[in-house]
Participant: 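Dropping the structure in here first, questions after.
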Amino acid sequence: MSAFPTHLLSMDDLDADDIAEVLRVTDSFAEVGRRANPKVPTLRGRTVATLFFEDSTRTRMSFETAAKRMSADVLSFAAGSSSVKKGESLRDTIETIQAIGMDAVIIRHSSSGVPARVAEWVDSCAVINAGDGWHQHPTQALLDLYTVRQSFGGGQEGLDRFAGLRVTIVGDIRHSRVARSQISAYAALGAEVTLVAPATLLPPSLEGWPVASVSHDLDSVLATTDVISLLRLQAERGSGDYVPTMREYTMGYALTARRALQLPPEAVILHPGPMVRGVEIASEVAELPSARITDQVGNGVAVRMAVLFLLLGQGAREADLNE
Ligand code: NCD
């Protein structure tokens, strides 16, 4: 098997073996999370910085919880209260962080490609992309995969279900880094991805995207969907301008209770959050047992522990989890 990459910038950095490894290691950390004291010494003496230049609730808390559960020191950097406000460049900020001495930098930025630039500037420090512009959000896709595998029995049995699995991604695909990462992730494991959106919320070209089909009619694909993943309209990226009215969008593309009934009984409903109830998903649908939205958030911590372990854990052994 190829070595795990030095940085996690995009789902395209990971092949099917790497993904299977992340999911397998996540099982170990999920077990740690169920303990009365969910803390292991794996990253003791290591320092992890979170650099968030864009709003976040769950991703930031999830990464910080993951690092703390592994006994790493966590430095939390909020752009709003940093020297970036005084005009310090990103490069100087990174130099400062490196001089302080970091083992990993977890970065979210509204511009696509920033984590990749940062990876060029650092040495001996792993860079993890926690969401860059419209581009990628790899740990979100990994936690989605983990949640789907868990819903289908976990382990190898759950993993085997991805081959030919019919995954439908609905909503603002054009502006969504989550969709881009999900598509790469599901395709790497052999799933068949269908995109559903109004034409204005699709990217101008889908050339090179590993998708099986595209539809503008949600009702027509529900009966043949095993996993449905909903996306928020990225209003901060101007998506309101791409739909005639919110009501029209909801009529055509929201997962309503009536539409959820058209899904096969085993189908899984996902949403990366934050959800806007009543727009892309009806409130009562979010509460259905088949909606695994809170499982996604919970699994996010274990998945991020696995990613930190695979990027930083050289020297730390999985066996040490049982210390
Ligand atoms: C997403 C994001 O920020 O990319 N949220 C998340 O990280 N769970 C999706 C979104 O903002 O709609």
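Each ligand, and each atom within it, is numbered from 1 in the order the structure gives.
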Participant: Do E21 and R24 meet the salt-bridge criterion of a basic N to acidic O distance under 4.0 Å?
Facilitator: yes
Participant: For R60, give me all partners under side chain to side chain donor-acceptor pair (under 3.5 Å), at least two apart in sequence or on another chain.
Facilitator: E64, S76
Participant: Would you please write out the protein residues whose heavy atoms approach any atom of ligand 1 to under 4.0 angstrom, listed by chain and number?
Facilitator: R58, T59, R108, H137, Q140, R177, V178, R232, Q234, P272, G273, P274
Participant: Do M102 and L75 make a side-chain contact, defined as non-hydrogen atoms from C-beta onward lying under 4.5 Å apart?
Facilitator: yes
Participant: Are F52 and F77 an aromatic pair by the rule of ring centers under 6.0 Å?
Facilitator: no
Participant: Does a donor on one side chain sit under 3.5 Å from an acceptor on the other, for D295 and T147?
Facilitator: no
Participant: Whether the R166 and T224 side chains hold a donor-acceptor pair (N or O, under 3.5 Å, no angle test) is what I'd like checked.
Facilitator: no
